[in-house]
Amino acid sequence: MTARTYGNPVVPGFHPDPSVCRVGDDHYLVCSSFEYFPGVPIFHSRDLVHWRQIGNVLDRPSQLRLPPGLPASGGVYAPTIRHHDGVFHVITTVVGGEGTLLVTSDRPEGPWSDPVRIDLPGIDPDLAWDEDGSCWCAFSGVRLARIDPVAGKVLEGPYEVWSGTGGKYPEAPHLYRVDGWWYLLLSEGGTERGHAMSIARSRSPRGPFEPGPVNPILTHRGTDRPIQSTGHADLVQAADGTWWMTLLGTRPRGHTPEFQVLGRETFLVPVEWVDGWPVAGPVEERHPAPAAWHPFPAEPARDDFDADRLAPHWISPRARPDGSWSLGGGRLTLHATGPTLDRPGHTFVGRRQQHHDCRVTALLDPGSATAGLSVRMDEAHHYDLEVGGGSVRVIARIGPLRQCVAERPVPPGPVLLAVETRTRDVLPPSVVGPDAGSIGESAGVGSWGPDMIVFSVGDLPLAELDGRYLSTEVAAGFTGRVIGMYATEGSASFDWFAYEATGA
């Protein structure tokens with residue numbers, strides 16, 4: 001009998017900085033959401049492999065107020081989820097907003113409490129409880145403080161405890177008490193290709209901390225592995241006693257320096273304990289699976305907007321005011337509202353791109369509005385398939401440049417819009433060699449990129465654009481592509497929206 005394996009990433013697409021906890025046979029995972037609302041997606045799993053989003057922790061304006069002028073990649077950084085004394089706790093930092101916040105709930109799907117503010121600097125806060133009930137918060141630096149999680153008061157510290165092995169940006173600390181030791185796991189080297197995980201331990205949370213005998217305990221820097229930027233990890237022990245690590249990584253594609261477009265994703269790797277220290281990695285595309293195996297039913301590819309609320313995977317930049325959208329009659333209607341950073345009036349509702357090869361379609365009844373589909377990295381990097389004024393057009397925004405690259409008349413009434421990302425139209429790295437220049441020229445501009453993005457109306461293609469310009473390496477920042485619906489003038493209704501993976 002062939003051993004069962006699982007594929008990485010376990011939560012694909014822009015789901016960085018994963019934190020995980022176990023309650024009985026159930027596991028819960030949260031991720032960073034940055035400038036998007038609602039914030040902090042939360043997932044449930046019975047086996048650490050199959051994850052289903054059950055909500056968002058910060059899903060009310062009273063919990064998450066992101067300023068209208070918040071820059072891209074500001075907002076919600078690196079939450080930690082823990083379960084203590086029957087209560088779920090999530091702590092995070094809103095950069096450019098209200099700082100470090102702590103929310104609680106009896107149920108992982110919510111509702112979650114309004115936030116308690118913790119007066120601590122930095123990012124990436126963690127929570128751990130001592131045997132006497134003391135609550136400790138570690139955060140980037142790496143510093144440690146004893147806090148009152150109910151009142152939000154700092155009771156002791158913060159102390160500087162251990163800052164890793166000398167790599168830049170020691171961050172994402174997590175404290176664990178295992179077999180009488182306090183282990184401090186942290187990331188260093190930056191969240192890019194130099195990312196690495198290091199560990200130390202002490203008999204007391206106050207230290208001193210002794211570095212592990214082999215650090216980093218996990219890194220892919222300087223390798224040719226298809227998964228890169230591995231780090232920002234959290235440890236969890238499954239119900240069968242085995243140990244696992246969730247962590248972020250990227251899957252860059254294309255010619256050097258390679259480009260990652262999906263953002264930092266959530267990966268899973270088994271952990272062994274050797275002489276009192278955890279050993280993990282490398283992170284493979286396939287691993288032997290955990291003993292438990294509980295797949296969820298596949299989610300439908302198409303959303304017909306028949307529910308009385310939006311599914312939890314739908315997100316919007318900074319806010320989603322009540323007056324900017326509505327559901328009814330099996331339609332999602334978007335109403336153009338106040339100005340954003342790059343448009344005079346813009347309402348956007350999208351979902352994370354989770355596969356390198358995918359196809360998005362939507363049926364739009366624009367009326368007299370201007371609306372369409374957008375592939376978005378941030379305000380300055382997006383491609384739009386837009387209907388308005390009797391025409392349909394493809395608009396490219398790359399930095400300070402905004403240009404219409406294709407346009408044709410469109411008849412009145414519902415319009416079928418389609419966006420497809422294709423890596424198969426890109427030359428594989430194996431062709432790179434002495435003749436790479438001529439091969440690249442014959443294949444066309446963009447043939448060395450991570451993908452091509454094809455825009456169509458019905459069965460009629462309008463334009464193909466190079467995917468490199470919607471990548472982290474070009475746009476910068478901490479997020480990944482989000483594909484969704486928008487309106488910039490008037491009100492437009494979408495009958496349905498479908499997302500399908502088209503690659504292997």
Side-chain angles (χ1 to χ4, degrees), residues 15 17-24 26-45 51-67 70 74-130 133-139 145-155 174-175 234 236 308-316 318-322:
H15 292 103
D17 309 324
S19 176
V20 63
C21 73
R22 178 176 65 87
V23 183
D26 297 285
H27 304 87
Y28 300 97
L29 182 143
V30 294
C31 301
S32 295
S33 49
F34 294 96
E35 75 263 30
Y36 288 96
F37 180 91
V40 188
I42 182 166
F43 298 83
H44 169 238
S45 175
W51 294 92
R52 177 178 60 188
Q53 189 173 354
I54 58 175
N56 294 278
V57 174
L58 305 178
D59 62 359
R60 306 188 302 275
S62 63
Q63 296 173 303
L64 181 60
R65 300 180 183 90
L66 298 176
L70 181 78
V76 179
Y77 279 42
T80 292
I81 185 169
R82 296 292 183 257
H83 188 260
H84 178 72
D85 280 352
V87 177
F88 289 92
H89 298 70
V90 169
I91 188 170
T92 189
T93 303
V94 183
V95 175
E98 297 183 85
T100 298
L101 307 177
L102 173 63
V103 295
T104 58
S105 177
D106 296 331
R107 295 159 48 88
E109 62 270 26
W112 290 78
S113 69
D114 282 340
V116 172
R117 188 173 185 277
I118 312 294
D119 187 17
L120 288 172
I123 58 173
D124 303 355
D126 176 62
L127 291 175
W129 282 264
D130 206 340
S134 296
C135 181
W136 294 92
C137 178
F139 53 98
R146 186 167 62 90
I147 67 170
D148 179 340
V150 176
K153 294 182 178 179
V154 177
L155 305 177
H174 286 303
L175 269 174
D234 201 1
V236 65
D308 60 357
R309 64 183 64 189
L310 285 173
H313 62 257
W314 292 111
I315 54 177
S316 300
R318 298 171 189 82
R320 190 188 297 153
D322 289 341

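- Residues Trp129 and His89 bring their aromatic ring centres within 6.0 Å.
- No side-chain heavy atom of Asp17 sits under 4.5 Å from any side-chain heavy atom of Tyr77.
- Using a 4.5 Å heavy-atom cutoff, the side chains of Gln63 and Glu98 are not in contact.
- Contact annotation: the side chain of Pro41 approaches that of Ser33 to within less than 4.5 Å [non-hydrogen atoms, C-beta and beyond].
- For Ser113 (side chain) and Thr104 (main-chain N/O), a donor-acceptor pair under 3.5 Å exists by modelled atom type.
- Minimum heavy-atom separation, Pro38 to Arg320: CD-NH2, 3.7 Å.
- Between the CG atom of Leu155 and the CZ atom of Arg146 there is a distance of 5.0 Å, given to the nearest 0.5 Å.
- One distance of note links CD1 of Ile81 with OG1 of Thr92; it measures 11.5 Å at 0.5 Å rounding.
- To the nearest 0.5 Å, atoms CZ (Arg117) and CG (Leu102) are separated by 13.0 Å.
- Pairing each heavy atom of Leu58 with each of Phe37, the nearest pair is O-CE1, 4.1 Å.
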Evaluation steps, side chain to side chain contact (heavy atoms under 4.5 Å, CB included), between Leu127 and Cys135: CA-CA 7 Å; Leu127 291 175; Cys135 181; 3.8 Å; yes

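- Considering only heavy atoms from C-beta on, Asn56 stays 4.5 Å or farther from Val40 through its side chain.
- The heavy-atom pair separating Asp119 from Val154 by the smallest distance is O-CG2, 3.6 Å.
- Inter-residue side-chain proximity for Phe88 and Val103 is flagged as unmet; no heavy-atom pair is nearer than 4.5 Å.
- Interatomic distance, CG of Leu120 versus OG1 of Thr93, reported as 9.0 Å (0.5 Å rounding).
- Note: His27 and Phe43 fail the aromatic proximity criterion, with ring centroids not under 6.0 Å apart.
- Of the possible donor and acceptor atoms, none in the side chain of Ser32 sits under 3.5 Å from a partner among the backbone N and O of Phe34.
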